[in-house]
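The structure appears right after this line, and notes come after that.
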2 protein chains.
Amino acid sequence: MTVDQLSTVFGALADPTRRAILARLAEGDLAVRDLAAPFPVSQPAISRHLKVLEGAGLISRSRRATARLSHLEAEPLREATAWLARYQAYWDERFEQLDELLAELQRRPEPAAAGTPTKVKKARKAEKKEGRTQR
Amino acid sequence: MTVDQLSTVFGALADPTRRAILARLAEGDLAVRDLAAPFPVSQPAISRHLKVLEGAGLISRSRRATARLSHLEAEPLREATAWLARYQAYWDERFEQLDELLAELQRRPEPAAAGTPTKVKKARKAEKKEGRTQR
DNA sequence: GTGTTATGGAACCGTTTGGTTATTGAAGCA
DNA sequence: TGCTTCAATAACCAAACGGTTCCATAACAC
């Protein structure tokens with residue numbers, strides 16, 4: 001999967017309507033008409049969302065009578081997950097964080113303090129690349 | 001995490017430059033100047049990317065001297081992964097698919113055939129909600 | 001054929017995005 | 001007090017997005 005395929009997939013997932021469509025398709029293939037029903041938007045709008053999803057490889061389509069069924073294709077989701085998995089290590093390293101914060105505090109007065117006001121609770125990770133940072 | 005927080009996170013991830021920024025921050029906190037260096041875009045453009053990432057909660061920021069350090073916050077990535085995990089079951093259900101396709105072929109002449117030309121290899125999942133589909 | 005149903009396409013519109021250059025601001029240093 | 005450095009903001013622009021309405025088309029049902 002190229003860089004821009006990933007961008008296309010994440011872009012497709014960045015819309016709540018499209019995520020809801022995928023969620024419904026997880027229960028089985030559906031026609032446009034049925035997909036559109038729960039949403040407060042026009043049918044052409046849904047058709048365009050489906051086009052985006054198809055462009056990202058997240059659905060495939062087939063015809064049955066006048067209806068066009070959409071079918072979930074999960075492979076791009078697997079690849080998106082694979083990309084995210086690289087960061088799995090970063091969302092539960094709390095132990096060393098505390099240690100490193102203490103070491104940090106001893107090294108210099110201003111320990112790269114709080115970020116967003118709503119997230120002050122969290123200990124900061126020490127900068128492993130400090131030399132490069134202040135070149 | 002609300003619906004639109006997820007949208008914001010996926011939206012932030014839908015840009016290769018921003019994903020590259022996150023990848024570099026995984027190795028340690030960096031200043032804007034250092035983050036901007038590898039990219040063929042101006043410093044204000046990077047600053048705006050950082051603003052998007054901060055808005056999605058994917059980074060937090062702190063000041064050290066004149067530099068402003070960005071720090072990776074992996075929590076939203078965890079939540080995005082949690083959302084994607086719901087589909088994990090769909091990317092390796094090959095056995096039953098084959099069975100269901102055979103049953104499908106017996107039920108009606110046109111078995112909801114191939115979707116995108118490049119993906120014909122994959123067997124289609126039977127429509128569990130068929131009754132609802134053709135209402 | 002004619003009508004009906006389901007869907008895609010065209011044209012349009014306001015908002016957002018991603019980029020630019022130029023300017024401003026804030027923190028150290030002479 | 002300046003001067004320099006790092007980064008944010010402002011103003012602008014073209015392209016993409018998400019929605020609309022109106023129309024065209026495709027497949028079935030008389």
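Chain letters run A, B, ... following the sequence lines, proteins first and then strands; every chain starts at 1.
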Checklist entry - Below 4.0 angstrom from OP1 or OP2 of D:dA8, is there any side-chain N or O of B:R68? => result yes
Checklist entry - Can you find a side chain N or O atom of A:K51 that sits less than 4.0 Å from OP1 or OP2 on C:dG9? => result yes
Next on the checklist: Under a 4.0 Å threshold between the charged nitrogen and the carboxylate oxygen, would A:E54 count as salt-bridged to A:K51?
Outcome noted: no
Checklist entry - Expressed in angstrom and rounded to an integer, what is the separation of A:R64 atom CZ from D:dA26 atom P? => result 21 Å
Checklist entry - Rounded to the Å, how far apart are B:R33 CZ and D:dT5 P? => result 9 Å
Item to check | Rounded interatomic separation in angstrom, taking CZ from B:F39 and C1' from C:dG18 | outcome: 14 Å
Checklist entry - Picking from A:D29, A:L50, A:L53, what satisfies side-chain contact (heavy atoms from CB on, under 4.5 Å) with A:R61? => result A:L50
Item to check | Rounded distance (nearest 0.5 Å) linking atom CG of B:L35 with atom CZ of B:R68 | outcome: 12.5 Å
Checklist entry - To the nearest angstrom, how far is B:L69 atom CG from D:dA8 atom C1'? => result 16 Å
Checklist entry - Which pair of non-hydrogen atoms, one from A:T17 and one from A:H49, has the smallest distance, and what is that distance? => result CG2-CD2, 3.8 Å
Checklist entry - So how far is it from B:L69 CG to B:H71 NE2, rounded to the nearest 0.5 Å? => result 10.5 Å
Item to check | Distance (rounded to the nearest 0.5 Å) between A:Q88 CD and B:R78 CZ | outcome: 10.0 Å
Checklist entry - What's the CZ-P distance between B:F10 and C:dT17, to the nearest Å? => result 17 Å
Next on the checklist: Checking A:S47 now: which residues fulfil side-chain hydrogen bond (donor to acceptor under 3.5 Å, both in side chains) with it, not counting sequence neighbours?
Outcome noted: A:Q43
Checklist entry - Could you run down nucleotides 15-25 of chain D 5' to 3' and tag each one B, S or - for protein heavy-atom contact under 4.0 Å? => result ---BBBBB---
Checklist entry - How many Å lie between CD on A:E54 and C1' on C:dG9, as a whole number? => result 15 Å
Next on the checklist: Please report the distance, rounded to the nearest Å, between CZ in B:R63 and C1' in C:dG28.
Outcome noted: 11 Å
Checklist outcome for this item: In short, the helix from C:dG1-D:dC30 to C:dA30-D:dT1 is bent end to end, axes from five pairs each side, to 10°, by 10°
Checklist entry - Hey, is the side chain of B:T66 poking within less than 4.0 Å of OP1 or OP2 on D:dA7, counting only N and O atoms? => result no
Item to check | Close side-chain approach of A:F10 and B:R19, heavy atoms under 4.5 Å | outcome: yes
Next on the checklist: Does D:dA8 have OP1 or OP2 under 4.0 Å away from a side-chain N or O of B:R61?
Outcome noted: yes
Next on the checklist: What I'd like to find out is whether the side chain of A:V52 reaches to under 4.5 Å of the side chain of A:R18, using heavy atoms alone.
Outcome noted: yes
